[in-house]
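We name chains A, B, ... by the order of the sequence lines, and we start the count at 1 in each one.
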Amino acid sequence: MTAWGVVQFPGSCDERDALHACSLAGEARLIWHEDRDLGGIDAVVIPGGFSYGDYLRAGAIARFSPAMEAVAAFAAKGGPVLGICNGFQVLCESGLLPGALLLNESLRFTCRQIELVAGGADGPFTREIAAGERLSIPVKHGEGRFWAPEELLDRLEAQGQVAFRYAEGQNPNGSARDIAGVTNEAGNVLGLMPHPEHAVDPLTGSTDGLRLFAALAGAPA
Amino acid sequence: MRARVLIRPKEGILDPQGKAVERALPALGFEGVGNVHIGRLVELDAESAERLPELCEKLLANPLIEDFEIEVLEPPAR
């Protein structure tokens, strides 16, 4: 059974939903931000929220936490790491993922269900999701505009690191090339702005998000 | 010593805060103002200026998206 750890910072707010999603695909527990020891887990989720209040820049302070040092070491050894929303921002600030997330072009906090198109990235969370498949997953953020220099964007596309794009016409934040989620070069670290952990129960309209968690557990969603 | 760090969005990166201010100005009667960009100003006391660039690169600014300038203010502020 897959053992999941969900990192909780002061200011995290989606750790309970992440914990629930992980528990549908294994067993899950919280990792406090001061913990240096991840304790023999198989995968880590950096959940959404406003870590350390998101003062300065979203994710900028969380990267210095003891738990993030442990996550960086875990990622360097090939451990699967999933960053969602604020977790994506933290991973970009940590240098574990390329690019940066800026204020939405609209300057508005956006919260709605959205269609994603899979890019066919070959990583532990997405290997069961073929390029071109569509997933219905909610977004809720004010700083989700993915940005990277043009040459880096070219490289991400060429190397198959674009895991998800917003479906045509649905880009909620002005992200470059409609990018919603990217992986690192090795593919074991994935970050995305939409919230797969909020799409794991028919009650909330879609179970497409569960596929990311189930893929790692090797279980059908 | 007291230092002042100016952080601004890199050229070419859309700055929606600047744009929003720019669009609001004519409505308030300020014509002929454009190219507005909004950054951040950080003032701090430090024992030495030696490690300030590193501090800026690691925390105060994100070098991928922001440029920064360090200005050492003399004499030291009290």
Side-chain angles (χ1 to χ4, degrees), chain A residues 51-65 68-69 72 86 88-110 141-156 171-179 182 184 191, chain B residues 1-28 30 33-73:
Chain A
S51 52
Y52 300 97
D54 271 352
Y55 299 120
L56 195 62
R57 285 181 315 280
I61 296 178
R63 68 174 277 215
F64 294 103
S65 67
M68 279 312 296
E69 284 177 28
N86 190 230
F88 186 14
Q89 295 162 341
V90 172
L91 292 172
C92 286
E93 282 283 342
S94 306
L96 294 178
L97 285 175
L101 294 145
L102 306 173
L103 273 175
N104 291 354
E105 195 173 344
S106 65
L107 290 176
R108 290 199 175 91
F109 188 94
T110 301
H141 60 251
E143 293 182 47
R145 176 169 44 113
F146 184 78
W147 186 89
E150 287 296 314
E151 59 275 14
L152 179 54
L153 292 170
D154 290 342
R155 203 160 74 233
L156 294 179
N171 186 336
N173 50 34
S175 284
R177 303 188 191 180
D178 296 331
I179 292 174
V182 296
N184 62 345
Chain B
M1 45 151 277
R2 186 124 185 103
R4 180 179 286 166
V5 182
L6 271 171
I7 299 151
R8 48 171 68 93
K10 278 199 171 161
E11 223 178 291
I13 298 185
L14 175 71
D15 168 19
Q17 291 183 100
K19 285 270 177 255
V21 170
E22 207 172 299
R23 280 196 302 267
L25 288 171
L28 300 171
F30 296 99
V33 182
N35 207 10
V36 179
H37 292 282
I38 295 179
R40 197 185 302 123
L41 173 68
V42 182
E43 290 184 326
L44 48 85
D45 288 326
E47 285 172 9
S48 111
E50 193 188 344
R51 296 191 68 194
L52 285 183
E54 184 191 347
L55 184 155
C56 289
E57 276 172 29
K58 281 199 170 158
L59 181 62
L60 295 188
N62 178 342
L64 183 69
I65 50 172
E66 295 168 325
D67 290 322
F68 64 86
E69 272 169 44
I70 300 167
E71 188 186 350
V72 175
L73 305 174

Interatomic spacing from [atom1] in [X] to [atom2] in [Y] - rounded to 0.5 Å:
{"X": "A:Arg57", "Y": "B:Leu59", "atom1": "CZ", "atom2": "CG", "answer": "6.5 Å"}
{"X": "B:Leu14", "Y": "A:Trp147", "atom1": "CG", "atom2": "CH2", "answer": "11.5 Å"}
{"X": "B:Asn62", "Y": "A:Gln89", "atom1": "CG", "atom2": "CD", "answer": "11.5 Å"}
{"X": "A:Leu56", "Y": "B:Arg40", "atom1": "CG", "atom2": "CZ", "answer": "5.0 Å"}

- Using a cut-off of under 4.5 Å for heavy-atom pairs, which of B:Val42, B:Asp15, B:Ile7, B:Ile65 has the most such pairs with chain A?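 Among the listed options, the one with the most contacts to chain A is B:Ile65.
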On a heavy-atom basis, the closest approach of A:Gly99 and B:Leu64 is C-CD2, 3.4 Å
Applying a strict 4.5 Å limit to non-hydrogen atoms, the region of B:Gln17 in contact with chain A is both
Got a sec: does the [atom1] of [X] have more than 12 other heavy atoms crowding it under 6.0 Å?
{"X": "B:Lys10", "atom1": "NZ", "answer": "yes"}
{"X": "A:Tyr55", "atom1": "OH", "answer": "no"}
{"X": "B:Glu54", "atom1": "CD", "answer": "yes"}

